[in-house]
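When reading the values below, keep in mind they use all heavy atoms of this one structure, side chains included, and skip hydrogens, waters and symmetry mates.
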Amino acid sequence: MLASAISAFASNTRSASCNTKLAEDIPARTSAAPAGSTLMQQVMRLSGRARDAVVKEQVLAGNVPSFLRNLSPVTFTGKQADGQAVQVVICVLPDYLAVGSDRDFVRIPMGLPTAAEIADRFGFFLPTPKMVDAIYAQAKVRLVASPMPANDRMRSTAYLLQHNRTVETQLATFSVPAKDLTAGEKKDVVFSLRLRAHPGKVAIYGWQRGNGRPIQPLSTVHGAEYADYSHGIRLVSGTAYVDGAPQPLADVMQDSRLAQIVSSEGPIANAQALLTSLYQ
């Protein structure tokens with residue numbers, strides 16, 4: 001999957017191209033696929049692993065809004081160890097992963113094993129915390145976090161639907177296309193070295209306040225399958241661009257010269273193997 005995506009852009013080595021080619025491993029949505037609201041009614045009494053199983057089947061079958069396939073570029077600039085300036089561009093979903101059609105979709109939280117498998121199957125990664133900050137800073141639409149009361153219903157489908165409606169109400173005040181980069185409405189399930197140090201845990205980060213500071217510092221308190229209404233899955237293409245040339249994002253994240261540009265934790269060795277280990 002990743003190799004084909006990179007070869008597709010090898011002829012254009014001086015300019016980043018975050019287009020639908022990078023999302024071509026996401027199957028086309030069929031006319032028989034249920035709308036987001038319909039699917040949520042089917043899983044209304046489910047949560048955790050049981051809901052994740054249904055959602056994973058739908059997402060892997062392509063029941064994803066088409067606008068999410070229009071990836072957005074997020075640019076990092078920095079210097080390598082020798083002082084040479086470098087630019088890294090990553091390509092991300094314009095909003096959090098959702099199920100349904102462009103007209104009827106729901107942003108859906110899920111446990112880390114499910115999120116990691118979906119990312120891997122589609123040739124994507126989860127973002128690092130530094131990527132989350134950059135996505136928020138460069139988003140065309142920046143929403144303010146809207147926390148709901150913490151209680152034992154936080155993981156329920158009803159709660160996530162209520163929060164999804166809140167997000168839609170916020171978005172209605174902006175006159176922008178759905179494909180424009182949007183951020184701030186969710187905490188991110190993130191890719192972190194802590195996942196290697198704390199196996200069986202999920203890493204979460206983000207959910208910016210109006211001042212851009214996150215409510216949630218990087219945390220691995222919860223078990224890997226934990227997901228509540230506030231969590232979102234932002235997929236990052238497995239192809240990045242370094243000074244315009246396509247490179248596997250896994251290579252960038254483990255390169256001692258480049259890793260600090262996209263991750264505050266430094267190099268993440270064997271990043272692809274770490275991603276796979278999160279669900280196998």
Side-chain angles (χ1 to χ4, degrees), residues 1-13 15-34 36 39 52-74 88-102 105-128 131 135 178-179 181 188-191 232-242 245-254 262 268 270-280:
M1 295 182 292
L2 184 54
S4 63
I6 293 175
S7 64
F9 295 99
S11 61
N12 183 18
T13 59
S15 62
S17 178
C18 292
N19 59 32
T20 55
K21 279 284 188 180
L22 291 175
E24 63 185 1
D25 285 318
I26 304 176
R29 185 175 185 272
T30 70
S31 59
L39 183 62
D52 280 3
V54 177
V55 169
K56 182 175 74 172
E57 181 180 21
Q58 289 292 318
V59 171
L60 292 179
N63 191 5
V64 176
S66 63
F67 75 86
L68 287 179
R69 293 166 168 82
N70 293 287
L71 305 185
S72 297
V74 175
V88 177
V89 177
I90 61 172
C91 300
V92 307
L93 296 191
D95 202 336
Y96 290 100
L97 187 61
V99 292
S101 67
D102 283 352
F105 64 89
V106 177
R107 298 165 190 82
I108 187 76
M110 59 189 73
L112 178 60
T114 300
E117 182 174 359
I118 289 171
D120 202 17
R121 293 274 295 272
F122 288 164
F124 283 72
F125 274 88
L126 300 170
T128 66
M131 291 177 188
I135 291 167
K179 65 182 179 62
L181 185 59
D188 280 78
V189 174
V190 294
F191 197 64
I233 308 302
R234 176 89 66 175
L235 299 183
V236 181
S237 173
T239 299
Y241 295 88
V242 179
Q247 290 192 24
L249 180 59
D251 290 355
V252 174
M253 288 194 288
Q254 64 188 14
V262 296
I268 301 177
N270 301 314
Q272 187 66 53
L274 176 57
L275 179 67
T276 303
S277 74
L278 300 177
Y279 68 92
Q280 289 188 344

[X] and [Y]: which non-hydrogen atoms are nearest, and at how many Å?
{"X": "L126", "Y": "V236", "value": "C-CG2, 4.2 Å"}
{"X": "K56", "Y": "T114", "value": "CB-CG2, 3.8 Å"}
{"X": "L249", "Y": "M131", "value": "CD1-CE, 4.0 Å"}
{"X": "G100", "Y": "R29", "value": "O-NE, 3.2 Å"}
{"X": "F125", "Y": "A271", "value": "CE2-O, 3.7 Å"}
{"X": "I108", "Y": "I233", "value": "O-CG1, 4.3 Å"}

task = Find out whether T128 and V190 are in side-chain contact, i.e. whether some heavy atom of one side chain is under 4.5 Å from a heavy atom of the other.
result = no
task = Taking the side chain as every heavy atom from C-beta outward, state whether V64 and V99 have any pair of such atoms under 4.5 Å apart.
result = no
Could you state the interatomic distance from [atom1] ([X]) to [atom2] ([Y]), rounded to the nearest 0.5 Å?
{"X": "C91", "Y": "L22", "atom1": "SG", "atom2": "CG", "value": "5.0 Å"}
{"X": "M110", "Y": "D52", "atom1": "CE", "atom2": "CG", "value": "6.5 Å"}
{"X": "L278", "Y": "E117", "atom1": "CG", "atom2": "CD", "value": "11.5 Å"}
{"X": "I26", "Y": "F122", "atom1": "CD1", "atom2": "CZ", "value": "5.5 Å"}
{"X": "T239", "Y": "K21", "atom1": "OG1", "atom2": "NZ", "value": "12.5 Å"}
{"X": "S277", "Y": "N270", "atom1": "OG", "atom2": "CG", "value": "10.0 Å"}

Using the side chain to side chain contact (heavy atoms under 4.5 Å, CB included) criterion, which residues pair with [X]? Sequence neighbours excluded.
{"X": "T30", "result": "A32, A33"}
{"X": "A119", "result": "F124, L235"}
{"X": "T276", "result": "D120, Q272, Y279, Q280"}
{"X": "P94", "result": "F67, L68, S72"}

message = Does V92 form a side chain to side chain contact (heavy atoms under 4.5 Å, CB included) with L71? I'd like the steps, not just the answer.
response = CA-CA 5 Å; V92 307; L71 305 185; over 6 Å; no
inquiry  = The test is side chain to side chain contact (heavy atoms under 4.5 Å, CB included); show your working for R234 and L97 and say whether it passes.
reply    = CA-CA 6 Å; R234 176 89 66 175; L97 187 61; over 6 Å; no
key: Those residues that, when tested against K179, pass side chain to side chain donor-acceptor pair (under 3.5 Å) (two or more places apart)   = none
query = So which pairs with a foot in residues 88-99 pass salt bridge (charged side-chain N to carboxylate O under 4.0 Å, His left out), sequence neighbours left out?
reply = D95-R107
message = With side chain to side chain contact (heavy atoms under 4.5 Å, CB included) as the criterion, how do V88 and Y241 come out once you've worked through the C-alpha distance, each side chain's angles and the decisive distance to 0.1 Å?
response = CA-CA 6 Å; V88 177; Y241 295 88; over 6 Å; no
task = Applying side chain to side chain contact (heavy atoms under 4.5 Å, CB included), run through L60 and I118 and close with a yes or a no.
result = CA-CA 7 Å; L60 292 179; I118 289 171; 4.2 Å; yes
